[in-house]
Amino acid sequence: MVQLTATPQSALVDEPVQIRVTGLSPFQVVCLQASLTDEKQTLFRSEAYYKANEAGEVDLERDAALGGDYVGVHPMGLFWSLKPEKLLTRLMKRDVMNSPFQVQLQLFEPYFPVQYESARAPMASLTVERWYVAPGVTRIPVREGRLRGALFLPPGEGPFPGVIDLFGGTGGLLEFRASLLASHGFASLALAYWRYDDLPAFLEKVDLDYFEEAANFLLRHPKVSSPGLGLVSVCKGAEIGLSMAIHLKQITATVLINGANFIISNPHIYHGRIIQPAVCSIEYKSTNALGFAEFYQVYTKSEIDISQSFLPIEKAQGHFLFIVGEEDKNLNSKVHAEQATEQLRRNGKNNWTLLSYPGAGHLIEPPYSPLCRASRIPFVVPTIHWGGEVIPHAAAQEHAWKEIQKFLRKHLIPGETSQL
């Protein structure tokens, strides 16, 4: 009897799953398919072909995929190679507390995909639950003064190291990374700063006083350890994160994922002082063969010297972890991170680590998330090419997530080693 198993069948989304098939004929070729439907009813699918061994078994931790959405030994390939039927869709969990993503795994005999073929019944199937929050984690909506967000607390009395989580040009309130950080022992504040509730609908300026209020709010919580906070940030959020690390003594461990070392578009204001954005040479925007916009050269190819606009990172008192996707087509993140670390080096600082991933794109998410190569964001007319190649991008996400947690523990928990 053919059996398909997945262990564990219910787990956090950043935990690996062992998928095995038994009961096949020796050396039988089969097709494994995965599918899930997101909260907007968009279907994501993936598939890979495998050949059983002489015992009629397939083990994704051991056996190489012969074809499909990936080739080679990739135990979690069916998850990170998921692709949306509705193009330009990024897989994002909105309701992290009440339901997991349900991933259906099915085993088929190989067949040629033609429309007139009637639907075939799977040889075996099962459903895997992928949660964004661990048992015992609590979510507290934040409406404190003008602050808007969600605070996630690990189970127990604490105190726990505090982390502020920032996203970028998507706006709104994204909670999936903060909920996972809380699942691993961090008191995590998913902080909205535009396009949410009564916050500004358009980001005309970045008010750093707002983010200072958020840091003080988090440090006042009785379950949050002091004196320092961590920060995890991406894209526009990383630009803001760098500015926070420079101006706010409360921020002592800053993770910057594919961000700029200067201000883009919207001035930053701190205690009444205005910090102006760098000059953008939009004439160096390019469009790829699919019509997706690439902005990664608009600050690096120009003859205009923008070095005077570099943020004074050397003034920051904390530590930095730069995470860079070398195939980022939205920002030339590797160049910007190297500029920032060189600035630190020139000023006698060694308070940084740079992780640079060949083949990774802009949207480096928690492990096993599907690569989103291109999508739309508010107020930007063309579709943006985020870049990245599926397999190296997946490897980058898995490695970076572990390094983020090690970095935060090392610099936020006294006496903590770099081990997870």
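- S46 places a side-chain N or O within 3.5 Å of a backbone atom of L78 that can act as its donor or acceptor partner.
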Worked verdict on V2 versus L24 for side chain to side chain contact (heavy atoms under 4.5 Å, CB included): CA-CA 6 Å; V2 175; L24 298 170; 4.0 Å; yes

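- Under the 4.5 Å side-chain criterion, counting only non-hydrogen atoms from C-beta, V234 is not in contact with L166.
- Remark: the E239 side chain and the H268 side chain contain an N/O donor-acceptor pair separated by less than 3.5 Å.
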D63/K51 under salt bridge (charged side-chain N to carboxylate O under 4.0 Å, His left out): CA gap, chis, key distance, verdict: CA-CA 8 Å; D63 299 324; K51 179 184 283 189; over 6 Å; no

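- In this structure a side-chain-to-backbone donor-acceptor pair under 3.5 Å is present from K83 to S81.
- Between A260 and I264, the closest heavy-atom pair is CB-CD1, 3.8 Å.
- Atom CG of L87 is separated from atom OG1 of T383 by 10.0 Å, given to the nearest 0.5 angstrom.
- Between E294 and K285 the shortest side-chain heavy-atom distance does not fall below 4.5 Å.
- One side chain, E129 or S10, offers a donor N or O that lies under 3.5 Å from an acceptor on the other.
- Of the charged side-chain nitrogens involved, at least one lies within less than 4.0 Å of a carboxylate oxygen, so that R146 and D207 count as a salt-bridged pair.
- With contacts defined as side-chain heavy-atom distances shorter than 4.5 Å, the pair V206/F211 qualifies.
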Stepwise side chain to side chain contact (heavy atoms under 4.5 Å, CB included) test for R373 and E389: CA-CA 8 Å; R373 273 209 182 94; E389 299 297 327; 3.3 Å; yes

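- The nearest pair of heavy atoms linking Q102 to L36 is O-CB, 3.4 Å.
- A cation-pi contact, defined as under 6.0 Å to the ring centre and within 45° of the axis, is absent between K301 and Y284.
- Looking only at side-chain heavy atoms (C-beta outward), E57 and V21 stay at 4.5 Å or farther from each other.
- Dense packing is recorded around CG of D198, with more than 12 heavy atoms of other residues, nucleotides or ligands lying under 6.0 Å away.
- Under the 30°/60° scheme for interplanar angles, the aromatic rings of H184 and W401 are found to stand perpendicular.
- Salt bridge annotation for E327-K329: present, with a cationic side-chain nitrogen under 4.0 angstrom from a carboxylate oxygen.
- The backbone N or O of L43 lies less than 3.5 Å from no partner atom in the side chain of T37, so there is not a single donor-acceptor pair.
- A distance-only check finds a donor-acceptor pair linking the side chain of E39 to the backbone of R94 [under 3.5 Å].
- At distances below 3.5 Å, at least one donor-acceptor pair connects side-chain atoms of Q343 with backbone N or O atoms of L311.
- Under a cutoff of 6.0 Å and an axis angle of 45°, R130 and F79 form a cation-pi pair.
- For the pair W352/F322, a side-chain contact is recorded, criterion being any heavy-atom separation below 4.5 Å from C-beta on.
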Pair L231-V163, side chain to side chain contact (heavy atoms under 4.5 Å, CB included): steps then yes or no: CA-CA 5 Å; L231 181 65; V163 176; 5.9 Å; no

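- Aromatic ring pairs are classed by plane angle as parallel below 30°, tilted from 30° to 60° and perpendicular above 60°; the pair H411 and H319 is parallel.
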Stepwise side chain to side chain contact (heavy atoms under 4.5 Å, CB included) check, L66 with Y50: CA-CA 6 Å; L66 307 176; Y50 288 89; 5.8 Å; no

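- Donor-acceptor pairing under 3.5 Å is lacking for the side chains of E365 and Q397.
- For the atom pair K236 NZ and I377 CD1, the distance stands at 10.5 Å (nearest 0.5 Å).
- For F295, there are no ring-ring contact (aromatic ring centres under 6.0 Å, His included) partners, not counting sequence neighbours.
- Between L331 and N258, the closest side-chain pair of non-hydrogen atoms is not below 4.5 Å.
- Under 3.5 Å, the side chains of T127 and Q104 contain no donor-acceptor pair of N or O atoms.
- Taking CG of L153 as the start and CD of E157 as the end, the distance is 11.0 Å to the nearest 0.5 Å.
- Proximity of the aromatic rings of W80 and H74 is defined here by a centroid distance below 6.0 angstrom, and this criterion is met.
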Side chain to side chain donor-acceptor pair (under 3.5 Å) between T341 and K349, intermediate numbers included: CA-CA 9 Å; T341 55; K349 297 287 191 81; over 6 Å; no

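- For the atom pair CG of L191 and CD1 of I164, the computed distance is 6.5 Å after rounding to the nearest 0.5 Å.
- Separating the CZ atom in R90 from the CG atom in D38 is a distance of 12.5 Å, to the nearest 0.5 Å.
- At most 12 non-hydrogen atoms from other residues, nucleotides or ligands lie less than 6.0 angstrom from CD of E109.
- Side-chain contact annotation: S333 with D328, donor-acceptor N/O pair under 3.5 Å present.
- The backbone N or O of P366 lies less than 3.5 Å from no partner atom in the side chain of D14, so there is not a single donor-acceptor pair.
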Check against salt bridge (charged side-chain N to carboxylate O under 4.0 Å, His left out), R143 and D197: CA-CA 10 Å; R143 290 183 61 88; D197 199 50; 2.2 Å; yes

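- Counting heavy atoms from C-beta on, the side chains of F152 and R177 never come closer than 4.5 Å.
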Intermediate values then yes/no, ring pair (Phe, Tyr, Trp, His ring centres under 6.0 Å), F262 and Y299: CA-CA 10 Å; F262 47 84; Y299 290 102; 4.8 Å; yes

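- The heavy-atom pair separating P8 from V128 by the smallest distance is O-CG1, 4.4 Å.
- Formation of a donor-acceptor pair under 3.5 Å by the N330 side chain with backbone atoms of W386 is not found in this model.
- Considering only residues two or more places apart in sequence or on other chains, Y357 meets the ring-ring contact (aromatic ring centres under 6.0 Å, His included) condition with H399.
- Heavy-atom minimum distance, V137 versus P154: CG2-CA, 4.3 Å.
- The aromatic rings of H385 and F292 lie tilted to each other, with the angle between the two planes from 30° to 60°.
- Minimum interatomic distance between A316 and N351 (heavy atoms only, all atoms of both residues): O-ND2, 4.0 Å.
- When all heavy atoms of G361 and H393 are compared, the pair lying nearest together is N-ND1, 2.9 Å.
- In this view, F167 and F176 satisfy the ring-ring contact (aromatic ring centres under 6.0 Å, His included) rule, not counting sequence neighbours.
- Looking at R20 and V58, their side chains never come closer than 4.5 Å, going by heavy atoms from C-beta outward.
- Defined by atom type and a distance below 3.5 Å, a donor-acceptor pair is present between the side-chain atoms of Q250 and N216.
- Rounding to the nearest 0.5 Å places CD of E61 at 9.5 Å from CD1 of I19.
- Side-chain atoms of K315 and N347 form no donor-acceptor pair, as typed in the model, at a separation below 3.5 Å.
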